[in-house]
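Chain identifiers are assigned alphabetically (A, B, ...) following the order of the sequence lines, protein sequences preceding nucleic acid strands; residue numbering begins at 1 within each chain.
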2 protein chains.
Amino acid sequence: MTNDLKESFSTDSPPAPAALAAKVRTLSPSMTRSMQRVAEAVAGDPAGCAALTVTGLAELTGTSEATVVRTARLLGYPGYRDLRLALAGLAAHQESGRAPAVTADIAVDDPIADVVAKLAYDEQQTLADTAAGLDTVQLGAAVAAAATARRIDIYGVGASSLVGQDLAQKLSRIGLIAHSHTDPHLAVTNAVQLRSGDMAIAITHSGSTGDVIEPLRVAFDRGATTVAITGRPDGPVSQYADHVLTTSTARESELRPAAMSSRTSQLLVVDCLFIGVAQRTYETAAPALAASYEALAHRHTPRTR
Amino acid sequence: MTNDLKESFSTDSPPAPAALAAKVRTLSPSMTRSMQRVAEAVAGDPAGCAALTVTGLAELTGTSEATVVRTARLLGYPGYRDLRLALAGLAAHQESGRAPAVTADIAVDDPIADVVAKLAYDEQQTLADTAAGLDTVQLGAAVAAAATARRIDIYGVGASSLVGQDLAQKLSRIGLIAHSHTDPHLAVTNAVQLRSGDMAIAITHSGSTGDVIEPLRVAFDRGATTVAITGRPDGPVSQYADHVLTTSTARESELRPAAMSSRTSQLLVVDCLFIGVAQRTYETAAPALAASYEALAHRHTPRTR
DNA sequence: CGGGGCTTGAAAATATCTTTCAAAGGTGAC
DNA sequence: GTCACCTTTGAAAGATATTTTCAAGCCCCG
């Protein structure tokens, strides 16, 4: 008879989603005193209760294991084990609900965990912005030019030089002739050698870095295909660029210099360029990549695991 | 020995929050075949596995209970019971936030727009995984050491060298004495000069790059505070690291070499480290940053817009 | 104040999880 | 190629947790 009651409840409510507190209230009248104590504890602190065993919860509520199990049954679960799983889910849920508010600027006194969260969030944002703002037509044109270029010269100074090196490194790996130039003088000297069929890529966030514009201008004048990767497509660098790839500019704060997000953005663009080229030269790129893995293998000490 | 290692890991990572898939990928290489099967099942269907008992999961994966428990331990939980609770939480989590799914691998014939979207998505994922998997205690310790170090030497070769250069560049900007070494011989030569109060940072995705481990070992022996930034926290490099910062490992495809996502992950870690140090040395860092802007200004041609 | 049914917890029974241990499988040295 | 050694693995024993049983206590009502 009591059994019938329980039966009807458990069928009413399946495994139960998340509205546990509400169910506790609803069912409370049909509960005995000690069961109410258990239900209350559970509704009050799902996370805490999820960490407890039957015995633990029984002690906490000053009841017995049997009562705890009975309560779990009444709430619609096959047993305490399942209630506990649901509780864990609930806890995770309200954990995430606790809005991180990671959108704020990074402050001097932010705990390290916040720094990580905010930084990751910012960079994710930057990536999304960059992807959304990237002109795929320009990118496609740049890819086509790079895939068939006799040689590729890349100019970047400061933080952008690392991006340039990254690109050069990767293009070299798939068998292209690509070099990154950091020294403005050498860059210009090399640019003079370029001609039609060659390619020059300038990377500058500000779009107005003279040391990078100059070699690009020379390359442009010599008839090479030129590409600018910049956050300011309206900047001086674009004058000498056949194709302009725009990187995004995220808000910067005192502690987070612009260089940081521009680098993320530039790298995404450069990666897209690389993959595009790799696709287009797949026949040679795939074996070249495999070969470079091979060549590096022996530089790793084998004692893993 | 292996045991000690594992032990230290499980204490490194507490109950673990939500980045289970990422952790599975990170730890996968150090797992045995049958453990990998279990980990895969768990990562692939958290909700389903949460409903299974040890025995059930063992049967599903064609292994034994012991293996399941071992896997749970390796993932950082005290036992299977706790893994199961975490799984339930995870399931509830992803229940609420249906993933959009641009998750497919990049294919040779993907149009360029898809490449951009997939790449951006992958890198965002990598960032999220990294942030979730980063041990803030270790990071805090590394920050504290860096902020007070007399000098900081950074070792990285190949793709990681760029990350090292990036870090060195930024730390230098806020007035710290930081150098990135690419040449293994010079790195060792320099490492010999280090002593207590100095700091050495090794960056290697594989965790087993001899050229990077060697200088770190020397630095470690000389009494410097050592940090490893690696995707394989169980790799040989960690032997000589006072603090290990784990980068995430994203699935890689033929066209998207692992180096790409590991770089993203490493950069995030390095950025966090940098910002942490900047916070701690704010008094000197802020004016130093401002001064470096100032100094660069004249290198930009003013004719913007 | 005593009977009948409801509530409760102690303890037994069961299920689940954890540990141990020996066999199977693999690896490197000779 | 073969042996010794180390790793990996699952079966089964051991430990915990959960569920069930059952009798004592409690409460309501006559």
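- Backbone-only contact: B/Gly62 has heavy atoms under 4.0 Å from sugar-phosphate atoms and none from a base.
- Under a 4.0 Å N-O distance rule, the pair B/Asp198/B/Arg222 does not qualify as a salt bridge.
- Distances were taken from every side-chain heavy atom of A/Thr32 (C-beta onward) to each of D/dT9, C/dT8, C/dG9; the shortest belongs to C/dT8.
- A distance of 6.0 Å separates CD1 in B/Ile154 from CD1 in B/Ile203, rounded to the nearest 0.5 Å.
- Ion pairing between a basic and an acidic side chain is recognised when a charged N comes within 4.0 Å of a carboxylate O; A/Glu123 and A/Lys118 show no such pairing.
- One atom, CD of B/Glu59, and another, P of C/dC17, lie 13 Å apart when rounded to the nearest Å.
- Along DNA chain D, the nucleotide nearest B/Ser64 and the nucleotide nearest A/Arg33 are compared for position; the residue whose nucleotide lies closer to the 5' end is B/Ser64.
- In this structure, B/Arg217 pairs ionically with B/Glu214, as a charged nitrogen and a carboxylate oxygen lie closer than 4.0 Å.
- No side-chain donor-acceptor contact under 3.5 Å links B/Ser265 and B/Ser262.
- Atom CD of A/Gln169 has more than 12 heavy atoms from other residues, nucleotides or ligands within 6.0 Å.
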Per-nt protein contacts along nucleotides 13-20 of chain D (heavy atom under 4.0 Å; B base, S backbone sugar-phosphate only, - none) come out as ----SBBB
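- At whole-Å resolution of the value, CE in A/Met31 and P in C/dC6 are 18 Å apart.
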